[in-house]
Amino acid sequence: MAKRPFHLSWFLSQGYGPKTWRGDWPGSASDTARWMMPDLFLDLARGLERCCFDYMIIEDSSMVPYTFQGSHDTYLRYAASTPKLDPAVLVPYLAQATRHLGLVPTLSVTEYPPFLLARLINSLDHVTEGRVGWNCVTSSNDGAAQNYGHVGQPPHDERYDVADEFADLVTKLWDAWEPDAVVIDRDAPLFADGSKVHPVFHEGKYFRCRGPLNAPRSPQGRPPICQAGGSPRGQEFAARWADTIIAEAGTVEGMKKYRENIRSLAVAAGRDPDKVKVLFLTNPLVDLSMEAAQARRQSMRADADRHLALQLSTMSRLTNIDFSQFDPDAPIPELFTNGHQSSLSKWIGKTPREVAAGTTSRMGIDFTGTTDQVAGMMQEIMEEVGGDGFLFYHTYFDRRYVMEICDGLVPALQRRGVTRARYAHRHFRDNLLEF
Ligand SMILES: Cc1cc2nc3c(=O)[nH]c(=O)nc-3n(C[C@H](O)[C@H](O)[C@H](O)COP(=O)(O)O)c2cc1C
């Protein structure tokens with residue numbers, strides 16, 4: 001590839017749950033009742049691998065939300081963020097259907113004990129032969145905290161203090177077996193060399209753990225960590241620990257600023273900034289002509305407005321603030337959240353209806369047009385930002401959308417020489433660091 005290529009990843013927004021059940025495309029119907037079976041996700045993973053995406057993140061949260069109108073009804077009515085199944089269960093199915101795609105389940109540091117999480121990711125890295133990552137989140141919704149025996153979430157910045165110690169312990173557990181600890185000498189006999197397996201004896205402010213992990217070092221050793229902290233404390237955490245950072249930046253200027261900030265925070269943390277890949281959220285929509293693509297975008301926006309409660313319930317879930325109490329056409333006042341601070345700060349001064357309309361194309365940049373038009377925009381924007389790539393999402397995607405992206409838009413990017421046309425490595429980390 002002559003030009004500096006960029007990376008592609010896919011965000012399975014709203015996780016391992018129902019997708020297209022309200023769609024009007026005739027092909028949308030088949031998965032509605034059997035959404036809990038992996039079929040649609042297998043087709044997605046195969047599509048992403050066909051056009052050489054780096055990885056797929058499986059979003060997660062673990063509650064039936066109830067913030068909007070103090071009731072779970074709207075969430076259940078729209079299947080909004082609920083129901084969903086455990087993302088770690090989907091990973092081995094996706095791994096069986098692919099050979100190169102990175103697979104990144106979301107696991108929360110405020111929900112898992114560190115040993116259990118280190119063990120699960122280590123096991124998944126073994127069975128995927130080095131293709132798993134960890135989307136490290138702190139959780140933000142009080143409903144989730146209440147499912148794990150707490151009254152609410154810890155204060156926002158303290159969640160990242162917990163996460164710092166958590167990531168430190170998890171990586172120590174991953175490193176506890178030296179790479180050549182497993183010997184398998186029948187005659188000695190010596191399966192594993194005890195001098196190369198080290199307890200961690202961690203005693204911190206939040207966690208205690210003896211270690212070592214009860215399984216050998218996995219193919220990647222430390223599977224890549226993905227993070228999405230948007231607040232100043234969140235970005236500091238991400239720059240310290242993440243191999244890839246996913247972000248929602250709003251404008252080209254915002255993307256540039258965000259990436260530059262992350263890179264300088266990474267340097268301050270003693271890291272090589274080129275080893276931290278920042279990918280920006282995008283929801284492209286392609287069709288045979290600009291007019292056809294715009295008509296579809298318009299109908300998505302009209303649907304969002306018709307079902308305003310759905311959008312408002314999402315905003316409520318992310319912030320623990322009930323947005324039903326505000327006039328949808330009056331500017332949102334200064335508010336405080338212990339939830340997603342970076343999202344809320346972007347909404348202040350806009351009306352709830354405007355924010356709701358924005359959630360259908362996110363980012364503020366409208367990637368709508370023919371495959372070649374959208375590919376051209378993506379190329380130009382990445383050249384302007386300086387890297388490192390995009391994180392695609394479409395919450396209610398169907399197979400048609402998978403084909404439009406994987407057999408339409410991405411091949412147009414490949415023809416321009418700006419995204420990879422074949423994988424060079426077996427392991428997820430090596431592909432992520434290829435360029
Ligand atoms: C693209 C993207 C994906 C995210 N995925 C999840 C997720 O799966 N689960 C979760 O609890 N939070 C998720 N988050 C939320 C982040 O982990 C984080 O809480 C949020 O960006 C707010 O960060 P801040 O409090 O530092 O502003 C995601 C955020 C973004 C931008």
Side-chain angles (χ1 to χ4, degrees), residues 8-17 55-63 65 81-82 84-88 90 103-112 117 133-145 147-148 153-164 166-167 225-242 244-250 254-255 258-259 261-262 265 277-283 314-315 317-321 335-348 358-359 362-364 389-395:
L8 300 177
S9 60
W10 181 282
F11 181 54
L12 190 56
S13 165
Q14 301 204 7
Y16 183 6
Y55 63 93
M56 181 207 288
I57 300 176
I58 311 163
E59 185 269 3
D60 197 37
S61 62
S62 58
M63 76 280 173
S81 190
T82 194
K84 62 178 72 151
L85 304 189
D86 190 318
L90 189 56
L103 302 166
V104 185
T106 299
L107 308 168
S108 170
V109 303
T110 47
E111 294 164 12
Y112 266 88
L117 188 145
W134 167 32
N135 184 26
C136 166
V137 299
T138 60
S139 295
S140 52
N141 189 286
D142 287 338
N147 286 338
Y148 292 89
Q153 294 290 349
H156 178 274
D157 284 10
E158 190 182 349
R159 292 205 292 274
Y160 285 110
D161 298 342
V162 174
D164 264 323
F166 195 111
I225 294 178
C226 171
Q227 228 285 320
S231 62
R233 181 66 183 92
Q235 288 186 40
E236 187 195 324
F237 173 78
R240 177 164 176 209
W241 290 106
T244 178
I245 295 178
I246 50 177
E248 194 185 340
M255 291 164 80
Y258 183 91
R259 181 168 179 268
N261 192 45
I262 289 289
L265 288 168
K277 306 297 180 189
V278 182
L279 308 191
F280 293 97
L281 209 57
T282 177
N283 169 224
T314 302
M315 294 162 63
R317 171 175 62 81
L318 296 177
T319 56
N320 297 303
I321 296 169
L335 295 167
F336 171 79
T337 180
N338 192 35
H340 284 209
Q341 292 186 345
S342 47
S343 301
L344 181 65
S345 67
K346 286 183 205 129
W347 303 342
I348 308 284
T359 58
R362 256 3 207 273
M363 290 240 358
F390 288 106
L391 174 71
F392 288 55
Y393 87 102
H394 187 66
T395 305

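Note that ligands are numbered from 1 as they come in the structure, with each ligand's atoms numbered from 1 the same way. Not measured: the values here are computed from a predicted model.
Residues R317 and T314 form a side-chain contact, since some pair of their non-hydrogen atoms from C-beta on lies under 4.5 Å apart. Annotation: side chain of Y258 is in contact with side chain of V278 (closest heavy-atom distance under 4.5 Å). With contacts defined as side-chain heavy-atom distances shorter than 4.5 Å, the pair P105/Y16 does not qualify. Residues L265 and N261 form a side-chain contact, since some pair of their non-hydrogen atoms from C-beta on lies under 4.5 Å apart.
Using modelled atom types and a 3.5 Å distance limit, the side chains of S139 and Y148 yield no donor-acceptor pair. S62 and E111 are linked by a side-chain donor-acceptor pair at a separation below 3.5 angstrom, with hydrogens and angles left out of the test. In summary, the side chains of T319 and T337 do not present any donor paired with an acceptor at a separation below 3.5 Å, with no hydrogens or angles considered.
In this pair, F166 and W134 present their aromatic rings tilted. The plane angle is within the 30 to 60° band.
Of all the atoms in ligand 1, the ones that sit under 4.0 Å from a non-hydrogen atom of G229 are 23 (O), 26 (O). Near G339, meaning under 4.0 Å from any of its heavy atoms, are these atoms of ligand 1: 25 (O). Short contacts between ligand 1 and L391, defined as distances under 4.0 Å to a heavy atom of the residue, involve ligand atoms 1 (C). Atoms of ligand 1 found under 4.0 Å from any heavy atom of T106 (numbered from 1 in listed order, with element): 7 (C), 8 (O), 9 (N). Each of the atoms 16 (C), 18 (C), 20 (C), 21 (O), 28 (C), 29 (C), 30 (C) of ligand 1 lies under 4.0 Å from some heavy atom of A228. Atoms of ligand 1 found under 4.0 Å from any heavy atom of G234 (numbered from 1 in listed order, with element): 26 (O).
With a 4.0 Å cut-off on non-hydrogen atoms, S140 does not touch ligand 1 at all. Of the heavy atoms in N135, only side-chain atoms (C-beta onward) come closer than 4.0 Å to ligand 1. Contacts of Y160 with ligand 1, taken as heavy-atom pairs under 4.0 Å, involve the side chain alone.
Taking any N or O of I246, backbone or side chain, none lies under 3.5 Å from an N or O belonging to ligand 1. On a distance-only criterion, H156 and ligand 1 share at least one N/O pair closer than 3.5 Å. Remark: ligand 1 and D60 share an N or O pair separated by less than 3.5 Å (distance only, no angle test). Of the polar atoms of S342, at least one N or O is found under 3.5 Å from an N or O of ligand 1, judged by distance alone.
Aromatic pair F237/Y160: centroids less than 6.0 angstrom apart.
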